[in-house]
Amino acid sequence: MNESTRAPALRERLQRIIDTLCDGLVERDEAARLVLLAALAGEHSLLIGPPGTAKSELARRLHRAFAEARYFERLLTRFSVPEELFGPLSISALEQDRYERQTAGFLPEASIAFIDEVFKANSAILNALLTLLNEREFDNGAGRQRCPLVSVVGATNEVPDDEVAEAFFDRFLVRLVIEPVSPAGFARLLELPVNGVAPDIDAPLTEDDRVALVAAAAGVAVPEDVRGLLAELRAQRREQGAAVSDRRWVKIMALLRTAAACDGRASVSVWDLHLLPPCLAADTETQTELEAWLTARLGVDTAFSPERITRAVEAFEAQLTAEQQANDLDFDDSGRLRFSPDDMAGDLADDIGDAKGGAAALRMSYQRRRRYGAIHIQARTDQIDALCVRLAAYRDTLGHDRRDLAAHAGASLWMAPAFAAAALRHLDDTGAALNQLEGRLRAARAGFEALPRLDTDPGTVPDLVRYD
């Protein structure tokens with residue numbers, strides 16, 4: 001089967017697998033998708049949440065997505081010993097003075113594993129797991145054993161903050177906070193059978209499928225706009241004091257490539273970045289902040305953000321007000337300061353009394369509104385016209401991005417509907433805000449055109465209005 005026919009077939013199978021993983025579970029769709037995607041990328045997932053929230057069920061269903069996958073599951077306690085995960089010591093090897101374990105049926109020979117309460121393991125177990133999870137190797141006696149491990153799903157109620165735990169925590173690329181079912185989903189939860197049987201997965205993935213997917217992901221391109229956004233996000237994380245390790249960024253890139261390959265795409269899309277919050281943070285608050293950052297940033301050119309355009313509009317409005325209110329001293333044709341005409345002085349004296357003969361005194365002329373030449377006004381309106389042309393072009397781009405997002409959300413296996421809806425709303429709001437700002441710009445343009453005109457244009461071009 002060639003690649004052009006394999007990609008759609010694989011995508012359809014993955015969609016059926018996702019549907020089956022989610023079948024009979026309430027509000028676990030996103031967790032099921034991300035756990036599967038992490039496994040397809042060869043990464044590990046950590047489910048963080050209280051007991052009874054279907055964490056173990058997700059892991060058990062995941063292993064059925066892979067044909068002939070050897071599954072291993074263990075609940076750890078502070079009394080757990082290495083034999084429970086890595087196998088008992090080999091008696092025959094001991095008789096030959098070798099310290100080796102019988103790993104058959106244990107974690108070193110598993111493809112998919114679920115380790116519950118994973119942080120309750122002692123440091124000896126955690127250190128062995130560090131090597132196994134990161135390098136897919138297990139130190140068995142004097143030698144290192146290559147392990148077929150595809151993905152580990154860990155579960156915990158809380159994440160400890162000691163050094164060993166932090167290093168182990170970093171091995172899980174996808175970290176999902178699993179909350180109890182919301183009030184909105186509670187009615188559906190009550191309808192579930194007590195001991196429901198998970199449905200069988202039709203056409204689980206074979207090793208050949210995984211190898212083909214890895215090869216396809218390696219060929220997925222990463223456009224410059226995606227790289228730029230990742231660089232911005234990396235800087236944002238550093239500013240927040242939550243720097244992400246270089247190793248994690250490399251793994252994130254592999255995850256994005258895998259997501260694109262699963263969809264049959266040849267390149268990563270900026271919309272794939274919605275997958276990043278659970279890769280960059282492990283708590284709900286920070287993940288929500290990252291989702292908001294991405295929602296506001298994806299598809300929106302910062303040069304045309306409503307905030308920047310607002311500054312430009314305000315600059316033109318302020319310039320218009322200044323020019324409308326500017327006064328000039330009045331000079332006569334000979335260049336001398338003009339004094340007030342007699343009728344004005346007389347009127348003024350009548351209003352306030354003229355006991356001291358003020359009406360007869362010469363008065364400095366009233367200041368008159370400044371007048372402007374056609375070239376000055378043309379320069380102002382030309383600058384506004386140029387900005388309006390750029391805004392119109394950007395509105396077209398915004399419309400294209402909106403259609404692109406809608407198409408991506410409809411075709412992607414991995415995009416959460418809630419994120420797609422929020423991003424679409426943000427693009428719509430951005431477009432509406434820009435329309436409103438363009439209206440203010442055009443009103444300012446009309447104001448410049450209505451400025452008092454000089455009879456003779458001195459040909460003076462004003463400095464540009466600065467707004468950046």
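Keep in mind the model is a prediction, meaning the values are calculated, not measured.
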Taking the side chain as every heavy atom from C-beta outward, state whether [X] and [Y] have any pair of such atoms under 4.5 Å apart.
X: Arg234; Y: Asp246; value: yes
X: Leu40; Y: Phe66; value: yes
X: Arg370; Y: Pro452; value: no
X: Leu298; Y: Trp293; value: no
X: Val35; Y: Val174; value: no
X: Asp404; Y: Trp271; value: yes
X: Arg175; Y: Pro278; value: no
X: Arg64; Y: Pro204; value: no

Of all the heavy-atom pairs spanning [X] and [Y], show the shortest one and how long it is.
X: Leu290; Y: Gln236; answer: CD2-OE1, 4.0 Å
X: Glu117; Y: Asn157; answer: OE2-ND2, 3.2 Å
X: Ala41; Y: Thr258; answer: CB-OG1, 3.7 Å
X: Trp249; Y: Leu280; answer: CH2-CD2, 4.0 Å
X: Leu398; Y: Leu427; answer: CD2-O, 3.8 Å
X: Leu133; Y: His44; answer: O-NE2, 2.8 Å

Lys/Arg N to Asp/Glu carboxylate O, [X] vs [Y], below 4.0 Å:
X: Arg380; Y: Glu323; value: yes
X: Arg440; Y: Glu317; value: yes
X: Asp272; Y: Arg265; value: yes
X: Arg28; Y: Glu57; value: no
X: Asp385; Y: Arg390; value: no
X: Arg13; Y: Asp209; value: yes

In Å, rounded to the nearest 0.5 Å, how long is the span from [atom1] of [X] to [atom2] of [Y]?
X: His63; Y: Leu58; atom1: NE2; atom2: CG; result: 14.0 Å
X: Leu233; Y: Arg237; atom1: CG; atom2: CZ; result: 7.0 Å
X: Leu441; Y: Gln436; atom1: CG; atom2: CD; result: 10.0 Å
X: Leu21; Y: Arg16; atom1: CG; atom2: CZ; result: 13.0 Å
X: Ile112; Y: Leu149; atom1: CD1; atom2: CG; result: 7.5 Å
X: Cys279; Y: Leu256; atom1: SG; atom2: CG; result: 7.5 Å

(message) Does Arg311 form a salt bridge (charged side-chain N to carboxylate O under 4.0 Å, His left out) with Glu307? I'd like the steps, not just the answer.
(response) CA-CA 6 Å; Arg311 288 199 296 273; Glu307 292 76 14; over 6 Å; no
(request) Go through the side-chain N and O atoms of Thr53 and Glu179 and say whether any donor and acceptor fall under 3.5 Å apart. (result) no
(request) For Thr20 and Asp23, test the side chains for any donor-to-acceptor distance below 3.5 angstrom and give the result as yes or no. (result) no
Do any N or O atoms from the side chain of [X] and from the backbone of [Y] form a donor-acceptor pair under 3.5 angstrom?
X: Arg257; Y: Val220; result: yes
X: Ser412; Y: Ala409; result: no
X: Arg11; Y: Ala411; result: yes
X: Lys55; Y: Leu46; result: no
X: Arg61; Y: Ala32; result: no
X: Thr381; Y: Gln378; result: yes
X: Gln15; Y: Leu413; result: no
X: Lys251; Y: Glu43; result: no
X: Arg227; Y: Val222; result: yes
X: Arg33; Y: Ile18; result: no

(message) Assess the residue pair Val211 and Val214 against the criterion (side-chain contact (heavy atoms from CB on, under 4.5 Å)); give the C-alpha distance rounded to whole Å, side-chain angles, the decisive distance to 0.1 Å, and a yes or no.
(response) CA-CA 5 Å; Val211 170; Val214 170; 5.8 Å; no
(request) Look at the rings of Phe316 and Phe448 and say which category their plane angle falls in: under 30° parallel, 30 to 60° tilted, over 60° perpendicular. (result) perpendicular
(request) Before giving the answer on side-chain contact (heavy atoms from CB on, under 4.5 Å), spell out for Ser45 and Phe172 the whole-Å C-alpha distance, their side-chain angles and the decisive distance to 0.1 Å. (result) CA-CA 5 Å; Ser45 305; Phe172 294 95; 5.6 Å; no
(message) My understanding is that only one of Leu405, Leu275, Asp263 makes a side chain to side chain contact (heavy atoms under 4.5 Å, CB included) with Met415; could you say which?
(response) Leu405
(request) Sorted by first residue and then second, give each side chain to side chain donor-acceptor pair (under 3.5 Å) pair with at least one member in residues 450-464; sequence neighbours left out. (result) none
(request) Please assess Asp170 against Ser245 for the test side-chain contact (heavy atoms from CB on, under 4.5 Å), listing each intermediate value before the final yes or no. (result) CA-CA 9 Å; Asp170 194 51; Ser245 69; 3.9 Å; yes
(request) Report the C-alpha distance between Asp283 and Gln287 in whole Å, list the side-chain angles of each, state the deciding distance to 0.1 Å, and finish with yes or no for side chain to side chain donor-acceptor pair (under 3.5 Å). (result) CA-CA 6 Å; Asp283 60 280; Gln287 289 182 2; over 6 Å; no
(request) Would you check, one step at a time, whether the test side-chain contact (heavy atoms from CB on, under 4.5 Å) holds for Leu205 with Leu10? (result) CA-CA 9 Å; Leu205 300 171; Leu10 178 61; 3.8 Å; yes
